[in-house]
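Chain A is the first sequence line, chain B the second, and so forth, proteins listed ahead of strands; every chain is numbered from 1.
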Amino acid sequence: MHVEEESPYRLRIERREGMRVPGIVFASRALIPEPAQDKSLTQVAAVATLPGIVGASYAMPDVHWGYGFPIGGVAATDVAEGGVVSPGGVGFDISCGVRLLAADVDRARIAPVIDTLMDRLDESTPRGLGRGAVWHVRDPEKELRAVLRDGAGYLVDRGYGVQRDLDRCEDRGGVADAAPEHVSSRAIERGRDQLGSLGSGNHFLEVQAVDEIYDESAAAAFGLRMGQVCVMIHCGSRGLGHQVCTDHVRTMEKAMRRYGIQVPDRQLACVPVESPEGEAYMGAMAAAANYGRANRHLLGNAVRHAFESVVGAGVDLVYDISHNLAKLENHEVDGSRRSLCVHRKGATRALPPGHAELPDDLDPVGQPVLIPGTMGTSSYVLAGVPGGDAFFSTCHGAGRAQSRHQAARGTSGRLLRDQLQDRGIRVRGASWRGLAEETPTAYKDVSEVVAASEGAGLCRTVARLVPLGVVKG
DNA sequence: ATGTTC
C-alpha cells in the first residue's frame with residue numbers, strides 16, 4: 001500500500017478502487033504496526049468505502065488491527081446522505097472508557113497505608129471473566145432497565161454517588177436516546193450480575209500520583225495538582241455490550257443486502273443510520289453505553305468508600321469518557337453544518353474550549369482526555385484543542401504492538417509482578433496468564449503516542465500520572 | 001473486549 005508522509009505525524013493513503021475518501025493516519029512511520037502481522041492500514045482503506053463517509057477514514061497514533069475497523073479508527077458518515085452506522089466501528093466493548101478520580105491527599109500521606117489501601121481495593125473490585133459485581137439489588141431486571149435508559153443518573157437518584165459524578169461524566173452520565181427495548185433478553189441476562197465489575201484483558205483500576213504538569217491552568221481546572229493521588233478505572237460494558245454488538249451485527253449482515261450495500265470485509269457490516277435496523281442499533285448501543293457509565297460509576301463509588309475508610313480522604317471525579325462509541329454530532333463539512341454519525345473505536349472525543357457540550361467550569365480549557373498507559377508505565381491527561389480535522393478526536397491509549405499469545409510467550413505473570421513490585425508498584429492481579437498478556441513490552445510507548453497526538457494537532461498534554469498500585473482485571 | 005464456539 002502506498003502511504004505518503006504529508007507532514008510529521010500525518011500519513012496519507014490516496015483514494016483508489018472503491019474508496020470514497022482518502023485515509024489519514026496521524027502517526028510517524030515508526031508508530032505504524034508491522035504490515036506482515038497487522039492489517040490496520042488495509043482496514044483504514046476499507047473503512048473509506050463505507051456509504052456516506054465524509055472527510056477521510058482517520059486513524060490515531062495508537063492504531064492497530066481490530067474487528068472490521070482498526071482500533072484507533074475514526075469515521076464519520078453523513079446521516080442525510082444515506083450514511084451508515086457499523087457496529088465494527090464501535091467495537092464489541094461498547095462504551096469502553098476511562099474514569100479518573102482525584103483524591104484529596106498527596107502521595108507522601110498515603111505511603112504508610114498504601115498496602116492496606118491496595119488490599120481493600122483488591123477486595124472491593126470484582127473482576128475476571130463472568131465473576132460477581134458490586135451491585136446487589138432486589139429486582140435486578142427492573143433496575144437494570146432503568147440503568148439502560150438513564151445511565152449513572154438513575155444510580156445517583158438511588159443514593160449511589162454524588163451530583164459531581166454526573167456533571168463530570170460525558171453526556172452528564174447518560175445518553176438521552178437509549179432504547180432498552182432493542183437490547184435482547186440474552187444481553188440483559190448477561191449484564192444482570194456484572195454491573196460494578198472490571199472484566200479482564202486490558203481493564204484495570206490503578207492508584208496513581210500526578211508526576212508532571214505540562215499545563216498548570218488546565219490541570220487546576222480539571223482538579224489536579226502535583227503529587228496528588230488519583231485513581232484511574234478502565235473498563236466497559238462487559239457481557240451486555242458484547243451481546244448487543246453480536247446481536248446487531250447478525251441483523252445487519254442480513255439487512256444490508258436490502259439496502260444495496262456492499263463492503264470489502266464482512267466485519268464491516270453496516271446499514272443506513274436512518275433505517276429501522278440502524279435506529280435499533282443506535283438505541284441499543286446508547287443503552288449499552290449507559291450501562292458502561294453506570295459500571296464505572298459504581299466502581300468509582302466503591303473506590304470512594306475505600307479511600308474514606310483507609311485514608312480518611314475524599315475523592316472527586318475528574319472526568320469519565322468513552323473511547324468506543326458512535327455519536328450523532330453536528331460538524332461543518334465543506335462549508336455547511338451536517339449531522340454526522342461519528343464512529344470512534346479506540347479513539348477519544350476531545351472537545352475544544354468553548355464547546356457547547358462542556359460543563360461551565362471546563363469551558364475555558366476544553367474536555368479532559370484520559371489516556372491509560374500499560375502496567376508500570378505512565379498514564380496521561382490531555383485536553384481537547386480547536387482545529388484538527390478528525391471531528392475532535394484523539395488517541396485512547398498505548399495501542400497493542402503484539403498479540404496476547406506473543407506477549408504471554410515472552411514473560412510470565414509471576415516474573416512480571418515481581419519486576420513491578422521491585423519498582424514499588426503493588427500488583428493485585430486476577431490471573432497470572434492475564435498479567436503476562438498485558439506485559440508493557442506488548443504495547444507501543446504511550447509517551448510516543450501522546451507526543452504524536454499532540455504533534456498532529458489533535459490535543460494538548462496536561463499532566464502525567466505514574467502508577468503506585470494496580471488492580472488488574 | 002467476550003459465559004475466548006453457533
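With 3.5 Å as the limit, one finds no donor-acceptor pair spanning the side chains of A:H182 and A:D247.
Ring-centre distance between A:Y67 and A:F92: below the 6.0 Å cut-off.
Salt bridge present: A:R344 and A:E329 bring a charged side-chain N and a carboxylate O closer than 4.0 Å. Salt-bridge annotation for A:D165 and A:R172: absent, with no side-chain N of the basic residue lying under 4.0 Å from a carboxylate O of the acidic one.
Here the P atom of nucleotide B:dT4 and the NE2 atom of A:H405 are 19 Å apart, to the nearest Å. The nearest whole Å value for the distance from the CD1 atom in A:I71 to the P atom in B:dT2 is 13 Å. The interatomic distance linking A:N324 (CG) with B:dT2 (P) rounds to 11 Å, in whole Å. Between the C1' atom of B:dT5 and the CG atom of A:L129 lies a distance of 14 Å, rounded to the nearest Å. Between A:R192 atom CZ and B:dG3 atom P the separation is 15 Å, expressed in whole Å.
Within the 4.0 angstrom heavy-atom criterion, no nucleotide atom of any strand lies near A:G91. Nucleic acid contact for A:G239: sugar-phosphate only, since backbone atoms but no base atoms lie under 4.0 Å from a heavy atom of the residue. Here A:G199 lies in heavy-atom contact (under 4.0 Å) with sugar-phosphate atoms only.
For the atom pair OG (A:S393) and CG (A:L458), the distance works out to 8.0 Å, reported to the nearest 0.5 Å.
Applying the salt bridge (charged side-chain N to carboxylate O under 4.0 Å, His left out) test to A:K327 and every residue at least two apart in sequence or in another chain returns A:E170, A:D171. Applying the side chain to side chain contact (heavy atoms under 4.5 Å, CB included) criterion to A:S200, with sequence neighbours excluded, gives A:L129. Residues forming a side chain to side chain contact (heavy atoms under 4.5 Å, CB included) with A:T461 (at least two apart in sequence, or on another chain): A:Y214, A:Y380, A:L382, A:V450, A:E454.
The stretch residues 242-257 of chain A comes close to DNA chain B through A:H242, A:R250, each having a heavy atom under 4.0 Å from the strand. Annotation: proximity of residues 179-191 of chain A to DNA chain B (heavy atom, distance under 4.0 Å) is found for A:R186, A:R190, numbered in ascending order.
Between A:Q194 and B:dG3, a side-chain N or O to OP1/OP2 separation shorter than 4.0 Å is present.
The salt bridge (Lys or Arg N to Asp or Glu O under 4.0 Å) pairs that include a residue from residues 266-280 of chain A are A:E253-A:R266, A:R258-A:E277, where partners are two or more places apart or lie in different chains.
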